[in-house]
Novice: 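Right, I'll just put the structure down here and ask away after.
Just follow the structure's listing: the first ligand is 1, and inside any ligand the first atom is 1. Hydrogens, waters and symmetry mates play no part in the numbers below; they use all other heavy atoms, side chains included. Position 1 is the first residue of the sequence; numbering continues from there.
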Amino acid sequence: MSKYISYERLTSYRQALHQIPELGFEEVKTQAYLLEVIKKQQSDFLTYTTWKTGILVRIEGYDPVKTVGYRADIDGLPMNEDTGLSFSSTHQGAMHACGHDLHMTIALGLIEHFSRNRPKDTLVFIFQPAEEGPGGAKPMLEAAEFKAVKPDEIYALHIAPELPVGTISTKPGILFANTSELFIDLHGKGGHAAFPHTAEDMVLAASHFVTQLQSIVARNVSPLDSGVVTIGKMEAGTKQNIIAEHARIEGTIRTLSLTSMQEIKGRIEGLLRGVEEGFRCQASIDYGSNYCQVYNDPVLTESFMEYARGSESVTFVEADKAMTGEDFGYFLEEIPGLMFWLGVDSEYGLHHNKLNPKEGALSTAVDFMIEYLSERVGS
Ligand SMILES: CC(=O)N[C@@H](CCC[C@H](N)C(=O)O)C(=O)O
């Protein structure tokens, strides 16, 4: 139960949004739903603009000297939901498996509160598309629509399935890693399964390459540093009795420093040259989109943590760094602020097709952020 907003309304927003997950920059129904709720607020001091499939909502303070921002990401992931929930995704091949349905709902709850309780300073709520890829934060920051409402400080949260409901967690400095997507194509001469000596097998080449990749973090990244190279998708061949002429490997690289990112990319390119030579094929590499680290402003974060420790609405736990990526890092490059984890207690984690966050976390986040933002903007 929320102290400030109807819990039934919060869960109805969340369940409606959960049913219509859309991929990055395709969030058309999501944007329409959010606009429908925003337009219902009937506030004289609330205005909004759209940018691509995103929305910027401004609640003008009654005596403003600064603007405080709150960002929610709005896209889903390309996967089939397997939760069995009555409000499961109605979009085949798409799911809110990273909690953005909760992120949006919490922002709607905050908008509802502050559009009825006018703050002294101005608030801006940012519904940002394409966090999972190709990245909406960077182009949004460059857009005139964003520059017109650019906040002086900014906040965001991310659900944490492993933390209990009622808990929030963060730390000053680096919270999330630098990321780079990774797309590799291998092309060779295909052929008949019965005549392997006349062809170059891209299934075999790709398999060797993926195995070799594991040596990079184990043997090339300092044990005192951190790195991740994960391959999440591999496709090759067309039929069981045809030697594959093409393989595609898709993954992601995560590091805590840009130097390690460059080193890992250099090693991947070196190993690929070996695969080209060893398996008589041609390789191409595309790094897709890259996100900078999420670096929480030390001063704001220390004061946020002190506030959270004294709050009756939450239990605060200091966080460790995580190798997750978030394009909220681009907002933090330009605007002081922070991101924090919100406990949602799900047996299955982020990016799992059975992820099932507990909805009680909506009240925790809405109540805590109403109280914290009220401190920041005055009432
Ligand atoms: C919080 C979270 O899960 N974020 C995503 C961000 C995706 C980054 C990029 N598209 C990539 O895959 O490298 C994550 O996977 O950490």
Novice: Would you say R254 has any N or O atom under 3.5 Å from an N or O of ligand 1, going by distance alone?
Specialist: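 Yes, there is a polar N/O contact under 3.5 Å.
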Novice: Heavy-atom pairs closer than 4.0 Å: do any link ligand 1 to the side chain of P134, the backbone, both, or neither?
Specialist: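 P134 to ligand 1: no contact under 4.0 Å from either part.
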Novice: Test your reading of the structure: does Y291 have an N or O sitting under 3.5 Å from an N or O of ligand 1?
Specialist: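 The answer is no, given that Y291 and ligand 1 share no N or O pair closer than 3.5 Å.
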Novice: Find out whether the Lys NZ or Arg CZ of K120 is both under 6.0 angstrom from the six-membered ring centre of Y62 and within 45° of the ring's axis.
Specialist: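 Here K120 fails the 6.0 Å and 45° test against Y62.
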Novice: Are M261 and I268 joined in one hydrophobic group, where the rule is that I, L, V, M, F, W and Y side chains link up if heavy atoms are under 4.5 Å apart?
Specialist: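 The answer is yes; both residues are in one hydrophobic cluster.
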Novice: Could you give the distance from CG (L108) to NZ (K40), rounded to the nearest 0.5 Å?
Specialist: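 Separation between the atoms: 10.5 Å.
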Novice: Tell me which one of G251, G325, S180, G99 gets a heavy atom nearest to atom 4 (N) of ligand 1.
Specialist: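 Looking at heavy atoms only, the winner is G325.
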Novice: Indicate, as side chain, backbone, both or neither, the part of H351 found under 4.0 angstrom from ligand 1 when only non-hydrogen atoms are considered.
Specialist: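 H351 to ligand 1: side-chain contact only, backbone stays beyond 4.0 Å.
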Novice: Give the residue, atom name and distance (to 0.1 Å) of the protein heavy atom nearest atom 13 (O) of ligand 1.
Specialist: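 Looking only at protein heavy atoms, the one closest to atom 13 (O) of ligand 1 is T252 OG1, 2.7 Å.
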Novice: Examine Y372 together with Y307 and report whether their ring centres are nearer than 6.0 Å.
Specialist: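 Under 6.0 Å, so yes.
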Novice: Does any N or O atom in S289 lie less than 3.5 angstrom from one in ligand 1, N or O only?
Specialist: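 In this structure, S289 places no N or O atom under 3.5 Å from an N or O of ligand 1.
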Novice: Can you list the steps and then say if I111 with Q41 is a side-chain contact (heavy atoms from CB on, under 4.5 Å)?
Specialist: CA-CA 8 Å; I111 289 170; Q41 300 311 317; 4.1 Å; yes
Novice: Ring of F25, cation from K52 - is the NZ or CZ under 6.0 Å from the centre and inside 45° of the axis?
Specialist: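 Judged by the rule (NZ or CZ under 6.0 Å from the ring centre, within 45° of its axis), K52 counts as positioned above F25.
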Novice: What protein heavy atom is closest to atom 9 (C) of ligand 1, reported as residue, atom name and distance in Å?
Specialist: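 The answer is E181 OE2, 3.7 Å.
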Novice: What closest approach, in Å, do D75 and G133 show between heavy atoms, and which atom pair accounts for it?
Specialist: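 Shortest heavy-atom contact: OD2-N, 4.1 Å.
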Novice: Is there any N or O on T324 that sits under 3.5 Å from an N or O of ligand 1?
Specialist: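 No; the residue has no nitrogen or oxygen that sits under 3.5 Å from a nitrogen or oxygen of the ligand.
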Novice: Give yes or no for whether the N/O distance cutoff of 3.5 Å, strictly under, is met between H158 and ligand 1.
Specialist: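 N/O-N/O distance below 3.5 Å does not exist for this pair.
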